[in-house]
Amino acid sequence: VGGTSSVTEPDAVCPKPLVLPDSASFADPAYTVQVSGSACFTPCPNTLVYEESAWRVAHIVPLVGSYISAVLVCFTLVTHIMKDFFAISMLCLGCAVVSIAVGTFSAANLDDSVTCSGNAGYVPFQWGCVLVGAIVVVCSWWLAAWSCIIAASLMLSIAHGWKRLRLRALQQRLVLPILACPTLGCIVLVAQDLVGYEATGGTLTVCLYRQTESKLAEVLFYVVSWTPIMLFTVASLAFMVRSMAAVYATQRAADKYRAPPARRGSVGDAPSGDDPAARRHAVARF
C-alpha cells in the first residue's frame, strides 16, 4: 500500500529487508511504499524483488561492460575512420554512443543516488534516465540500419559491380534519414511516458521501458522500438544470401572458364591420370 506520511514510530523494528524511512525518503518528488498496518516501508532499491548482491551485480555489470565496450569500439572507430570505411565507422559510432551513455548513467547511479531518495524513497522520474533510454532506442535503430546498409553495400559491390565512391555517396545520403526516423519515434515514446525505468519494479539500473496500464501504449513502444530492428535484420540476411549467391555464381563461371571440358577421342589428347599404358597409347595414336 502506498504512503506519503513522514510520521514513523521511532521505536519500531522492521524485519529485513523492510526499513524505517529516513527524512530524505519523503523529499519531493520521491514517493514511498508503506506496509499496511505497520511503520515499515519497502527499501530503495527494492530488495523484495532482488537481493542486495543481485543489485550490486546489476549495477557493476552495465558499468564495467559499457566502458570496456566504449574503449574497444572507439579504437575500432578511429581505425576505420583512418581507413576511410564510412559505413563501418557509422556502425562503430552508434556502439560508442550507446556504451558511453549507459556507462555514464551506471556510474552516476552506482550508489542509487539518482533513482532513490534516502533509504525508502523512490524517484519516479529522472530525465537523465529518459535521455539514456532514448539513446538506447535510437542507437538500436542506428546499429540495425547500418548493419543492413553494410550488407546491402556488399551485395551491390559483388552482384552489381558498384564502385566504392558510388557506395560511399549513397551511404552519406542515408545518414540523416537513419537518424531522423528513430528520433521522431523516441519523441512519441517520451511524450507517452514510456521511456525510463520502473522505480519499484526492479529495473532501476535499466533505462529503457516504463510499464503502463495501457496495452495500446505498450504495443506502441514495441512497434516503434523493435519492429524496425527486426525488419532491418531480415533485410540484412536477404542481402547476405544474395551476395553469397553472386559469389557462388561467379566462382562457377570462373571454374568453367579455367577448365573447359575435354573432347573424348581426339588425336593428341592428353592422357588422364598417370597410367603408363595410357601414355603409350596416346603416343602411338599421335
Side-chain angles (χ1 to χ4, degrees), residues 61-62 65-103 133-186 189 206 208-209 219-259:
V61 169
S66 59
Y67 277 122
I68 291 176
S69 173
V71 171
L72 297 177
V73 170
C74 286
F75 175 78
T76 307
L77 173 62
V78 172
T79 301
H80 285 91
I81 289 176
M82 294 174 62
K83 293 183 178 180
D84 197 26
F85 292 148
F86 184 79
I88 300 179
S89 298
M90 293 295 99
L91 184 70
C92 294
L93 178 62
C95 291
V97 170
V98 73
S99 297
I100 293 172
V102 172
I135 290 174
V136 171
V137 173
V138 172
C139 287
S140 298
W141 271 54
W142 180 272
L143 296 175
W146 281 106
S147 298
C148 183
I149 291 171
I150 291 172
S153 299
L154 182 64
M155 184 269 295
L156 291 172
S157 177
I158 294 174
H160 301 283
W162 281 38
K163 302 301 181 183
R164 184 174 178 180
L165 291 177
R166 187 180 180 186
L167 289 171
R168 181 186 175 88
L170 174 63
Q171 293 164 359
Q172 290 176 335
R173 287 196 295 269
L174 293 174
V175 172
L176 186 58
I178 293 173
L179 183 61
C181 291
T183 301
L184 293 175
C186 267
L189 296 181
V206 180
L208 184 59
Y209 172 60
V219 171
L220 175 66
F221 178 86
Y222 286 107
V223 168
V224 172
S225 58
W226 299 118
T227 301
I229 295 174
M230 291 187 290
L231 293 176
F232 281 129
T233 302
V234 172
S236 299
L237 293 174
F239 289 137
M240 293 301 296
V241 169
R242 179 69 180 88
S243 298
M244 289 187 289
V247 170
Y248 179 74
T250 303
Q251 186 63 41
R252 287 285 302 272
D255 291 342
K256 290 181 179 180
Y257 178 79
R258 287 196 302 265

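Looking at S69, its side chain never comes within 3.5 Å of a backbone N or O of G65 through a donor-acceptor pair. For the pair T250 (side chain) and A246 (backbone), a donor-acceptor distance under 3.5 Å is present. A donor-acceptor contact shorter than 3.5 Å is absent between the side chain of W141 and the backbone of T183.
With values rounded to the nearest 0.5 angstrom, F239 atom CZ is found 13.5 Å from M244 atom CE. Atom CD1 of I178 is separated from atom CG of L143 by 11.0 Å, given to the nearest 0.5 angstrom. Atom-to-atom distance recorded for W162:CH2 and H160:NE2 is 9.0 Å, nearest 0.5 angstrom. Taken to the nearest 0.5 Å, the CG atom of L174 stands 9.0 Å off from the CZ atom of F86. Here the CG-CG distance, from L72 to L77, works out to 12.5 Å after rounding to the nearest 0.5 Å. Between the CH2 atom of W146 and the CZ atom of F232 there is a distance of 10.5 Å, given to the nearest 0.5 Å.
For the pair S153 and Q171, the tightest heavy-atom approach, listed with the atom from each and the gap, is OG-NE2, 2.9 Å. Minimum interatomic distance between S66 and P62 (heavy atoms only, all atoms of both residues): OG-O, 2.5 Å. Pairing each heavy atom of V73 with each of A96, the nearest pair is CG1-N, 3.5 Å. Of all non-hydrogen atoms in C186 and A134, the two that sit nearest each other are SG-O, 3.5 Å. Of all heavy-atom pairs between A235 and C148, the closest is CB-SG, 3.7 Å.
In this structure, P182 and V137 have side chains that are not in contact, with every pair of non-hydrogen atoms separated by 4.5 Å or more. By the 4.5 Å heavy-atom criterion applied to side chains, L154 and M240 are counted as neighbours. Two residues are said to be in side-chain contact when any heavy atoms from C-beta on lie closer than 4.5 Å; D84 and R164 meet this criterion. Side-chain contact between I150 and F85 is absent, with no heavy-atom pair separated by less than 4.5 Å. Inter-residue side-chain proximity for W142 and L179 is flagged as met; some heavy-atom pair is nearer than 4.5 Å. Looking only at side-chain heavy atoms (C-beta outward), V136 and S140 come within less than 4.5 Å of each other.
When the shell of 6.0 Å around CG of L165 is examined, it contains 12 or fewer heavy atoms from other residues, nucleotides or ligands.
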